[in-house]
Each structure stands twice: as structure tokens, then as C-alpha cells.
Amino acid sequence: MSTPDPKLLLAWYDSHARTLPWRVPPQPAGRRVLPDPYRVWLSEIMLQQTTVAAVKGYFDDFTRRWPSLADLAAADLDDVLRAWAGLGYYSRARNLKACANAVVADHGGAFPDNETELRKLPGIGAYTAAAIAAIAFDRPAVVVDGNVERVVSRLFRLTEPLPGSRPLIREKATLVTPNHRPGDFAQAMMDLGATICTPRKPVCGLCPWEKSCLVAHDADVAQFPRKAPKTARPTRHGTVFVVFQADGSVLLRKRPEKGLLGGMAEVPGTEWTAQSADHAEKFAPFICTKWTKLNRPVEHTFTHFHLVLSVWTGVADHANQTIDKHWWSSREAVAGEALPTVMRKVLKAAEPHRPGL
DNA sequence: CACTCGTGGGA
DNA sequence: TTCCCAAGAGT
């Protein structure tokens with residue numbers, strides 16, 4: 001069995017590359033056209049643990065609104081958070097803004113072209129530094145993401161489960177990464193992982209590396225890469241209060257800057273705890289005389305826990321009361337708030353109780 | 001090193 | 001329905 005030949009993968013990529021908004025298509029032999037580093041960086045941040053389908057719309061919105069790095073550096077963080085709402089992993093949005101500021105302040109507004117300097121920027125880890133160096137600057141960086149882990153684990157039939165196998169995966173990835181067209185090679189690995197060497201039902205018959213793959217003809221290709229067993233997801237409980245005014249506006253507040261959903265908007269509520277302690281009456285702000293508890297709680301599953309929220313709704317007794325660190329969001333404004341998906345679920349559940357329908 | 005940190009879609 | 005997962009980073 002021969003070592004996987006980069007030329008075979010690059011030839012496959014030349015005819016099968018996905019067309020993506022942040023990408024420059026593979027060029028004819030001898031030509032090299034590099035993409036805008038700003039767009040490469042933005043796409044890489046958005047794509048961290050996030051599907052291409054989910055990213056596309058956000059990428060279009062961001063690049064339309066902030067066409068250049070300088071535009072993003074000049075933006076308000078809260079505007080960036082509002083634009084990011086729904087995409088998840090919100091620390092990415094904060095680091096995105098911090099990174100834009102740092103590149104302007106410390107690098108004259110141009111991204112550094114090497115992994116070492118890229119790695120020092122907020123939100124850019126080992127993978128993203130290598131990806132930007134390779135894709136935006138065509139540097140021969142070893143790019144190891146989830147796709148590469150899967151492809152390499154299969155090519156070399158690595159039986160040790162993740163994450164323990166990572167050092168060996170990197171070693172093998174280094175072995176196959178060429179000095180020629182490293183940017184296209186990195187993107188080719190991702191396209192291969194996304195369209196051929198997929199997690200569940202890989203299409204080995206269409207793979208340019210089938211002949212050099214040690215598991216292509218196994219019955220259990222999809223069992224690679226092997227992974228350590230996952231721990232069970234606990235359930236947390238909380239109570240939230242959807243307070244309306246007669247004009248249909250709703251009371252919101254801002255979550256703490258750090259931690260889960262950091263800096264995002266929410267309706268007021270209790271802490272989320274393991275016990276379903278319903279201290280609702282004690283917590284409820286004294287701005288509504290009458291409260292209604294929804295029959296059905298709102299449920300939402302995060303990466304590491306499941307959340308069950310009891311939802312109480314009420315209409316404020318007096319118009320435009322000022323409440324410290326809260327604000328009233330009008331019907332028109334709610335859509336543009338930095339509300340994470342779980343809070344949009346809460347508002348949707350309370351919608352039948354909103355005045356002035 | 002192990003844990004935190006979102007979401008929507010597909011099987 | 002339930003589970004898994006998708007171009008990881010920060011601590």
C-alpha cells in the first residue's frame with residue numbers, strides 16, 4: 001500500500017472543488033490567485049464547529065455590512081454580537097472583534113502571513129492559524145481540522161480513539177501535506193471530508209485516494225475515527241419572565257460578558273440549576289400584578305447540558321417603567337437584538353400572551 | 001488534560 | 001425521537 005499522493009487529491013480538487021463565497025476556485029496550472037485574507041479569516045472563525053450551510057447567510061451579511069477588516073475594527077461590539085446572534089459560540093464574536101482591533105493596532109491592518117504571528121491573535125488557535133497561512137498566503141502549513149482527522153484516521157487505519165490519537169494524526173498529516181499548492185491541498189482535504197470521506201456513509205468508490213486507504217474496503221469504514229465514549233448530558237432548570245408592555249414591547253437585559261451566552265440579551269430570570277426549584281414568585285419583578293405560567297416549559301439543548309425553562313408572562317402595570325440594567329425592546333427592535341436561539345424560543349412561546357395582537 | 005462553550009440539520 | 005455532529009479556542 002503506497003503513501004497517499006497529494007497530486008491525486010489536487011487533481012480531484014481541480015474538478016470537484018466546492019464553490020463557496022469565501023473561496024477562490026482552483027486556477028489553471030502555473031497561475032496562483034490568493035483570496036482576501038479578511039474573508040478567509042472571517043469564514044474560518046464562523047466555520048469553527050459550524051456547518052457551511054449555517055455559515056453562508058451570516059458570511060454574506062457580515063461582508064455586506066463590513067466589507068473590510070478596517071470596517072469591522074471600526075464597528076461596535078454590540079452590533080457584531082447582534083449580527084452574530086443565532087450562530088452560537090458567542091465568544092467567537094467577541095474574539096472576532098478583538099482580533100480585528102489587534103490586526104489594525106499591531107499589524108497595520110494586514111493579517112500576518114505566518115502561523116506563529118497568527119496564532120497570537122484572539123480566537124485564532126492552531127487549526128485556524130494553519131488554515132489562514134495555507135489558504136490566504138499559500139504557506140505550507142499542516143492544517144488539521146475535523147475533516148483531516150477523519151480522513152487521516154481512515155487512510156492509515158488509526159485504531160487509537162480521539163482525542164488521544166491527535167499527535168499521531170498530526171504526524172501522518174505532515175507526511176502527506178505537500179509544499180506545492182498547500183492552500184488548495186488544505187481546502188481539498190476539507191472538501192474530501194465534506195463530500196466523499198463523510199462521517200456516516202463515505203463514498204469510497206469516488207475517492208481519489210481509495211487505492212492507498214487502509215479502511216476503504218472494510219465493512220466498518222464509518223467506525224473511523226474511533227472516539228472516546230461521551231458522558232451523559234445533565235439537565236438544568238430555570239424560570240424566566242416575559243414582561244410585556246401594552247404596546248407589545250418586551251423587557252430585556254444583558255447577560256454577563258463572560259461565560260455561557262456571554263454578552264448576549266435575555267429576558268430576566270433565575271439562575272439555571274440542577275434542581276427545579278420554582279422560586280418564581282419570589283424572583284418575579286414587582287412590575288406586574290398578574291402573572292401567567294405557560295403550560296409547557298421551553299426546552300433547549302446546549303453542548304453539555306439540557307435546559308428546561310418555566311416561562312411566566314405578564315403585562316407591566318405602568319407604562320415605560322425604568323428598571324436598572326434592563327430595557328424595553330419594541331416589536332420592531334426585537335428581531336435585531338442579540339438574542340440567542342434559546343431566548344427566541346422563549347419569546348415565541350410567550351407570543352400568544354403579547355398585547356395588541 | 002478536561003471542561004466549557006450553541007445551533008440546526010440529518011440519519 | 002434521539003443522537004450525532006460541523007473548517008476549535010480558551011482556560
Side-chain angles (χ1 to χ4, degrees), chain A residues 18 20-23 35 39-59 81 84-96 98-99 118-136 141-151 162-164 166-167 169-170 173 183 185-195 197-202 222-223 225 227-234 236 255-264 266 272 299-307 338-345:
Chain A
R18 287 176 294 173
L20 299 169
W22 45 86
R23 187 177 270 189
R39 293 168 66 87
V40 173
W41 162 72
L42 178 61
S43 70
E44 289 300 341
I45 301 301
M46 287 184 167
L47 286 161
Q48 288 168 2
Q49 298 292 285
T50 309
T51 59
V52 167
V55 163
K56 277 184 176 173
Y58 285 88
F59 182 84
L81 287 175
W84 197 277
L87 197 54
Y89 286 142
Y90 298 99
S91 64
R92 292 185 297 173
R94 312 186 139 281
N95 285 330
L96 187 81
C99 183
L118 286 165
R119 184 67 182 78
K120 297 175 182 173
L121 293 165
I124 298 184
Y127 159 75
T128 304
I132 295 173
I135 297 170
V142 179
V143 179
V144 182
D145 71 330
N147 288 301
V148 175
E149 288 181 348
R150 185 170 58 256
V151 170
L162 286 167
R166 291 214 164 105
I169 289 174
R170 171 160 293 279
F185 180 82
Q187 295 175 94
M189 288 289 272
M190 297 177 201
D191 283 15
L192 189 72
T195 65
C197 196
T198 54
R200 294 184 179 84
K201 292 185 175 181
Q223 290 188 15
K227 296 184 178 180
K230 299 175 176 59
T231 57
R233 230 193 306 260
R236 296 183 193 171
R255 291 178 60 85
E257 302 294 336
K258 293 184 177 179
L260 185 72
L261 309 176
M264 302 297 283
E266 67 175 0
W272 301 343
E299 301 196 25
H300 187 77
T301 302
F302 295 95
T303 303
H304 54 295
F305 69 94
H306 182 72
L307 179 63
L339 287 164
T341 296
V342 59
M343 287 300 151
R344 294 189 188 272
K345 282 188 187 176

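Below, chains carry the letters A, B, ... as their sequence lines are ordered, and counting in each starts from 1.
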- [ ] Using only heavy-atom distances, determine whether the side chains of A:Gln48 and A:Arg92 contain a donor-acceptor pair under 3.5 Å.
- [x] no

- [ ] Indicate, with a heavy-atom threshold strictly under 4.0 Å, whether A:Trp22 touches base, sugar-phosphate, or nothing.
- [x] base

TODO: Kindly indicate, with the supporting measurements, whether the criterion side chain to side chain contact (heavy atoms under 4.5 Å, CB included) is fulfilled by A:Tyr58 and A:Thr50.
DONE: CA-CA 11 Å; A:Tyr58 285 88; A:Thr50 309; over 6 Å; no

TODO: Give A:Ala126 one of three labels, base, sugar-phosphate or nothing, depending on what nucleic acid heavy atoms sit under 4.0 Å from its own.
DONE: sugar-phosphate

Open item on the list: Considering every strand and a 4.0 Å limit on heavy-atom distances, what is the contact class for A:Gly262: base, sugar-phosphate, or nothing?
Closed with: nothing

Task: N/O donor-acceptor pair under 3.5 Å between A:Ser43 side chain and A:Val40 backbone - done: yes

- [ ] Check whether any side-chain heavy atom of A:Arg255 lies under 4.5 Å from a side-chain heavy atom of A:Leu260, and answer yes or no.
- [x] yes

Open item on the list: By the 4.0 Å heavy-atom rule, please label A:Arg344 as base, sugar-phosphate, or nothing.
Closed with: nothing

Task: Nearest-0.5 Å distance, CG of residue A:Leu87 to CZ of residue A:Phe59 - done: 12.5 Å

TODO: On DNA chain B, check which nucleotide each of A:Arg92 and A:Arg200 is closest to and give me the residue with the more 5' one.
DONE: A:Arg92

Task: Test side chain to side chain contact (heavy atoms under 4.5 Å, CB included) applied to A:Val143 and A:Ile135, step by step - done: CA-CA 10 Å; A:Val143 179; A:Ile135 297 170; over 6 Å; no

Task: Modelled atom types, side-chain donor and acceptor of A:Glu44 and A:Tyr127, under 3.5 Å - done: yes

- [ ] Quick one: label A:Leu87 by what it contacts on the DNA or RNA (base, sugar-phosphate, nothing), any heavy atom closer than 4.0 Å.
- [x] base

- [ ] With P as the reference atom in both, quote the distance from B:dG10 to C:dA7 in angstrom, rounded to an integer.
- [x] 15 Å

- [ ] Would you classify A:Pro340 as touching base, sugar-phosphate or nothing, given that sugar-phosphate means primed atoms plus P, OP1 and OP2, and contacts are heavy atoms under 4.0 Å?
- [x] sugar-phosphate

- [ ] Remember a base hit wins even if backbone is also touched, and classify A:Ser43 as base, sugar-phosphate or nothing at under 4.0 Å, heavy atoms.
- [x] nothing

TODO: Between C:dA6 and B:dC5, how far apart are the C1' atoms? Round to whole Å, please.
DONE: 15 Å

Task: Which residue lies more 5' along DNA chain B, comparing A:Tyr89 with A:Lys201 via nearest heavy atoms - done: A:Tyr89

Open item on the list: Base, sugar-phosphate or nothing for A:Ile132? Non-hydrogen atoms, less than 4.0 Å.
Closed with: nothing

- [ ] Establish, yes or no, whether a centroid distance under 6.0 Å links the rings of A:Phe302 and A:His300.
- [x] yes

Open item on the list: Using 0.5 Å steps for rounding, measure from the NZ atom of A:Lys56 to the CE atom of A:Met46.
Closed with: 14.0 Å

Task: Test side chain to side chain contact (heavy atoms under 4.5 Å, CB included) applied to A:Val52 and A:Arg18, step by step - done: CA-CA 11 Å; A:Val52 167; A:Arg18 287 176 294 173; 3.8 Å; yes

Task: Inter-nucleotide P distance (B:dG6, C:dT11), Å rounded - done: 14 Å

Task: Min side-chain heavy-atom separation A:Leu339-A:Arg344 under 4.5 Å - done: yes

Open item on the list: Distance under 4.0 Å to a non-hydrogen atom of chain A counts as contact; along DNA chain C, which nucleotides mark the start and end?
Closed with: C:dC4 to C:dG10

Open item on the list: If I take atom CH2 from residue A:Trp41 and atom CG from residue A:Leu121, how far apart are they, to the nearest 0.5 angstrom?
Closed with: 9.0 Å

Task: Members of residues 48-56 of chain A that approach DNA chain C, where some heavy atom sits under 4.0 Å away - done: A:Gln48, A:Gln49, A:Thr51, A:Val52

Open item on the list: For a 4.0 angstrom threshold against heavy atoms of chain A, report the outermost contacting nucleotides of DNA chain B in 5' to 3' order.
Closed with: B:dT4 to B:dA11

Open item on the list: I want to confirm an ordering. Mapping A:Arg18 and A:Ile124 to their closest nucleotides on DNA chain C, which one lands closer to the 5' end?
Closed with: A:Arg18

Open item on the list: Applying a 4.0 Å non-hydrogen cut-off, can you work out what A:Gly193 is touching in the nucleic acid: base, sugar-phosphate, or nothing?
Closed with: nothing

